[in-house]
Amino acid sequence: MLDLGFVRENIDLIKKVLSDRGTEAPIDEFTEVDQKRRELIQEVERLKQIRNQESTKIGQLKREGKDEAAEKIIQKMGQVADEIKELDNELKEYKERLNEIMLQIPNIPHQDVPIGMDESDNICTREWGEIREFSFEPKAHWDLGTELDILDFQKGAKVSGARFTFLKGLGAKLERALVNFMLDVHLNEHEYKEVFPPFMVHKDSMLGTGQLPKFEEDAFKIEGTDYYLIPTAEVPVTNMYREQILSIDDLPIYHVAYSACFRAEAGAHGRDTRGIIRQHQFNKVEMVKFVEPENSYEEFKKLVRNAETILQKLKLPYRVMNMCTGDLGFTAAKKYDLEVWLPSYNIYREISSCSNFEDFQARRAEIRYRPEPEANARYVHTLNGSGLAIGRTMAAIIENYQNEDGSITIPEVLQPYMNGLERIENN
RNA sequence: GGAGAGAUACCCAAGUGGCUGAAGGGGCGGGUUUGCUAAACCUGUAGUAGGGCAUAUUGCUCUAGCGAGGGUUCGAAUCCCUCUCUCUCCGCCA
């Protein structure tokens, strides 16, 4: 959410942002509703001031035993009270409507964000690693995984339906190895503090990080409860600090969290139906930062590097994409996606998404800090990034590390997590 | 799931409709005394949000705010209703 005063004074800028992003919000209604709201506030507060003054007087008169004089004022105040009630109700409606409008206005993109409508306008910032030349026809991870009996799509479909998969044997172990490897790197080399969050949250948390109200369809809601399954650990971890004023000594806060992630994938019918690229449930290691505004882009750079480190250690070729306005996401001011090379697709696929939300989430979730003990509270900047999506990493390893005989070499850095095992092969 | 107790400011805590503009204590800030520290005494201490007015670094003023949301009333921390969370006991459970 943006600052109310900022929106009021920058209507034209907001309109430009909406058009750059290729999205819409009821911005014309904003001015009208805001205006009316402020008029009502003035009127109702004027009446409340009168009421407070007169009520004090009534109290005094009663104590002095002048009941008749008091009674006279009480008569008059009855009318004022009715008026206040009426105006308060009206004001409430305008406040709610204004809030609805504010929740639909996306973040202002950073000046370095390329303007564009969709993914074709994203700009490649850098590439890393060498794409392997295969002396044979590389197989897709779903074929390899099935042949090695480490991925079982049929069982997943049988038990839960489409977009669910069983990992079996060394596949399950490799998944676990990846989680531990990534957590260890971020803990030991990047100074993050580990958090293991709840996988279900209530509505306020989904609102706080911006998944609601705009993206309700993307989330799984538990029927008969107020709980949502988290689409990312970003939601519980960011909301840990909701409605809190942090001390300067607390900052910066770096958290890394493993969680399962649940996504309805509404509107993705027919996309990536094979393999483990797009599942309703997947694992992810997520990095979340809370920082002072002055440092946020420096911290952002570090965060992206932290995610890249994982890919480099795994020796997986990737590229870094600067996401354009149309592909930025509602809450982000700037976003880099890391895309890993997948031989069977012959393209790069997103494996990490790193965003700087600046104060957009913080304002919504009311996460502030005090720069000095007596100073006014300011909003922190929140940042997060996958470090990395485990399922897609698994797919990338299976495909990039495959051998002609259908076995998979285990990346060196993972071998200590696999009891020293060097290959997964058919036996 | 059942029974009970609670939620007041940075912390502890008093407070049964108007003198609460929230007592008192602790902590923290300022001051007096003092060779330093300590102590004693005096004094300040609602952060925040939303309005309005003037300045345009800032200041003044109003409204809201005693877990949250409603209600009663001229007036609610106080009375009533709903909800959330915490604690104790019982039951169940990993």
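Everything quoted here is computed from the prediction, not taken from an experiment. A, B, ... follow the sequence lines: proteins, then strands. Residue 1 opens every chain. Any value given below was found using the heavy atoms of this structure, including those in side chains, with hydrogens, waters and symmetry copies removed.
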**Q** Looking at every strand, decide which applies to A/Arg8 at a 4.0 Å heavy-atom threshold: base, sugar-phosphate, or nothing.
**A** sugar-phosphate
**Q** On RNA chain B, compare the nucleotides closest to A/Tyr379 and A/Arg46; which residue's is nearer the 5' end?
**A** A/Tyr379
**Q** Where are the stems of RNA chain B, defined as at least 3 consecutive Watson-Crick or wobble G-U pairs with both distances under 3.5 Å?
**A** B:1-7 with B:84-90, B:10-12 with B:24-26, B:27-32 with B:40-45, B:48-54 with B:58-64, B:67-71 with B:79-83
**Q** Please list, in numerical order, the residues of residues 25-40 of chain A that have a heavy atom closer than 4.0 Å to any atom of RNA chain B.
**A** A/Arg37, A/Arg38
**Q** Please tabulate, for side-chain N and O atoms in residues 167-187 of chain A, each donor-acceptor pair with protein atoms closer than 3.5 Å (sequence neighbours left out).
**A**
| unit_1 | atom_1 | unit_2 | atom_2 | d |
| --- | --- | --- | --- | --- |
| A/Lys168 | NZ | A/Asp149 | OD1 | 3.1 |
| A/Lys168 | NZ | A/Asp152 | OD2 | 2.9 |
| A/Glu175 | OE2 | A/Asn283 | ND2 | 2.7 |
| A/Asn180 | ND2 | A/Arg176 | O | 3.4 |
| A/Asp184 | OD2 | A/Tyr417 | OH | 2.6 |
| A/His186 | ND1 | A/His190 | ND1 | 3.0 |
| A/His186 | NE2 | A/Gly387 | O | 3.0 |

**Q** How far, in whole Å, is B/rU61 from B/rG6 if one measures between their P atoms?
**A** 40 Å
**Q** What is the separation between atom NZ on A/Lys57 and atom C1' on B/rC19, rounded to the nearest whole Å?
**A**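 The answer, rounded to whole Å, is 17 Å.
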**Q** Could you tell me the separation between the CZ atom of A/Arg51 and the P atom of B/rG21, rounded to a whole number of Å?
**A**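 The distance from CZ of A/Arg51 to P of B/rG21 comes to 14 Å, rounded to the nearest Å.
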**Q** With rounding to whole Å, what would you report as the distance between B/rU48 and B/rA9 at their P atoms?
**A** 16 Å
**Q** Examine B/rG75: is either OP1 or OP2 under 4.0 Å from a nitrogen or oxygen in the side chain of A/Asn52? Give yes or no.
**A**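 Checking A/Asn52 against B/rG75: no side-chain N or O falls below 4.0 Å of OP1 or OP2.
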**Q** Atom CG in A/Leu314, atom CD1 in A/Ile410: separation rounded to 0.5 Å?
**A**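 CD1 of A/Ile410 is found 12.0 Å from CG of A/Leu314.
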**Q** Check the pair A/Asp88 / A/Lys85 against salt bridge (charged side-chain N to carboxylate O under 4.0 Å, His left out), numbers first and verdict last.
**A** CA-CA 5 Å; A/Asp88 257 340; A/Lys85 197 176 285 182; over 6 Å; no
**Q** Determine the contact category for A/Arg370: base if any of its heavy atoms lies under 4.0 Å from a base atom, sugar-phosphate if only primed atoms, P, OP1 or OP2 are that close, otherwise nothing.
**A** sugar-phosphate
**Q** Could you give the distance separating B/rA76 and B/rG70 at their C1' atoms, to the nearest angstrom?
**A** 14 Å
**Q** Rounded to whole angstroms, how far apart are OH on A/Tyr369 and C1' on B/rG47?
**A** 17 Å
**Q** Between the side chains of A/Asp337 and A/Ser353, does any donor sit under 3.5 Å from an acceptor?
**A** yes
**Q** In whole Å, I'd like the distance from the CD1 atom of A/Ile41 to the C1' atom of B/rC53.
**A** 16 Å
**Q** According to salt bridge (charged side-chain N to carboxylate O under 4.0 Å, His left out), does anything in residues 260-270 of chain A pair up with another residue at least two apart or in another chain? List the pairs.
**A** A/Glu265-A/Arg278
**Q** Quick check: on RNA chain B, is the nucleotide nearest A/Asp3 upstream (toward 5') of the one nearest A/Ile73, or the reverse? Name the residue that is more 5'.
**A**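 Its nearest nucleotide lies further toward 5', so the answer is A/Asp3.
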**Q** When the C1' atoms of B/rC10 and B/rC66 are considered, how many whole Å apart are they?
**A**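 Their C1' atoms lie roughly 16 Å apart.
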**Q** By salt bridge (Lys or Arg N to Asp or Glu O under 4.0 Å), which residues pair with A/Glu425, not counting sequence neighbours?
**A** A/Arg423
**Q** Not counting sequence neighbours, list each pair that qualifies as a ring-ring contact (aromatic ring centres under 6.0 Å, His included) and has a residue in residues 148-173 of chain A.
**A**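 Every pair satisfying ring-ring contact (aromatic ring centres under 6.0 Å, His included) with a residue in residues 148-173 of chain A: A/Phe164-A/His280.
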**Q** Between the side chains of A/Gln312 and A/Tyr318, is a donor N or O closer than 3.5 angstrom to an acceptor N or O?
**A**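 Yes - a donor-acceptor pair under 3.5 Å links their side chains.
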**Q** Please assess A/Leu229 against A/Ile222 for the test side-chain contact (heavy atoms from CB on, under 4.5 Å), listing each intermediate value before the final yes or no.
**A** CA-CA 7 Å; A/Leu229 292 174; A/Ile222 314 279; 3.9 Å; yes
**Q** Do the ring planes of A/Tyr297 and A/His110 sit parallel (below 30°), tilted (30 to 60°) or perpendicular (above 60°)?
**A** tilted
**Q** Using atom CD of A/Glu45 as one end and atom C1' of B/rA64 as the other, report the distance to the nearest whole Å.
**A**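 Value for this atom pair: 7 Å.
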**Q** Regarding A/Asn306 and A/Tyr192, is there a side-chain donor-to-acceptor distance under 3.5 Å anywhere?
**A**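 Distance-only check passes for A/Asn306 and A/Tyr192.
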**Q** Can you tell me the distance, in whole Å, between the NZ atom of A/Lys76 and the P atom of B/rG75?
**A** 15 Å
**Q** Test your reading of the model: is there a side-chain donor-acceptor pair from A/Arg242 to the backbone of A/Ala365, 3.5 Å cut-off?
**A** no
**Q** Is there a donor in the side chain of A/Gln279 and an acceptor in the side chain of A/Thr165, or the other way round, less than 3.5 Å apart?
**A** yes
**Q** So, A/Ser296 and A/Asn356: side-chain donor and acceptor under 3.5 Å apart, yes or no?
**A** yes
**Q** Taking RNA chain B as the partner, which of residues 81-100 of chain A come within under 4.0 angstrom of it by heavy atom?
**A**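 RNA chain B contact set from residues 81-100 of chain A: A/Ala81, A/Lys85, A/Lys92.
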**Q** What interatomic distance, in whole Å, is found between C1' of B/rA64 and the corresponding atom of B/rA77?
**A** 15 Å
**Q** Can you tell me, in whole Å, how much space there is between the C1' of B/rG65 and that of B/rG24?
**A** 23 Å
**Q** May I have the distance from A/Asp226 (atom CG) to B/rU84 (atom P), rounded to whole angstrom?
**A** 9 Å
**Q** NZ of A/Lys48 versus P of B/rC74: gap in Å, rounded?
**A** 17 Å
**Q** Got a list of side-chain donor-acceptor pairs under 3.5 Å for residues 98-106 of chain A, not counting sequence neighbours?
**A**
| unit_1 | atom_1 | unit_2 | atom_2 | d |
| --- | --- | --- | --- | --- |
| A/Glu100 | OE1 | A/Arg97 | NH1 | 2.7 |
| A/Gln104 | NE2 | A/Glu100 | O | 3.3 |

**Q** Does a donor on one side chain sit under 3.5 Å from an acceptor on the other, for A/Thr209 and A/Glu234?
**A** no
**Q** How far, in whole Å, is B/rC89 from B/rU82 if one measures between their C1' atoms?
**A**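 One C1' to the other, the span is 26 Å.
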**Q** Test: ring-ring contact (aromatic ring centres under 6.0 Å, His included). Region: residues 224-249 of chain A. Which pairs qualify, not counting sequence neighbours?
**A** A/Tyr241-A/His255, A/Tyr241-A/Phe290
**Q** Could you please name the option among B/rU63, B/rG51, B/rG47 that lies closest to any side-chain atom of A/Leu4?
**A**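 Closest of the options to the side chain of A/Leu4: B/rG51.
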**Q** Would you please name every residue forming a salt bridge (Lys or Arg N to Asp or Glu O under 4.0 Å) with A/Lys66, sequence neighbours left out?
**A** A/Glu64
**Q** Show each protein N/O and nucleotides 16-18 of chain B N/O combination with a separation under 3.5 Å, one pair to a line.
**A**
| unit_1 | atom_1 | unit_2 | atom_2 | d |
| --- | --- | --- | --- | --- |
| B/rG18 | O2' | A/Arg63 | NE | 3.2 |
| B/rG18 | O2' | A/Arg63 | NH2 | 2.9 |
| B/rG18 | N2 | A/Ser55 | O | 2.9 |

**Q** Kindly state which residues belonging to residues 238-251 of chain A come within less than 4.0 angstrom of RNA chain B, counting heavy atoms of the residue only, listed by number.
**A**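 Here the set is empty: none.
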**Q** P atom, B/rA23 versus B/rG31: distance in rounded Å?
**A**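 Pairwise P distance, B/rA23 against B/rG31, rounds to 25 Å.
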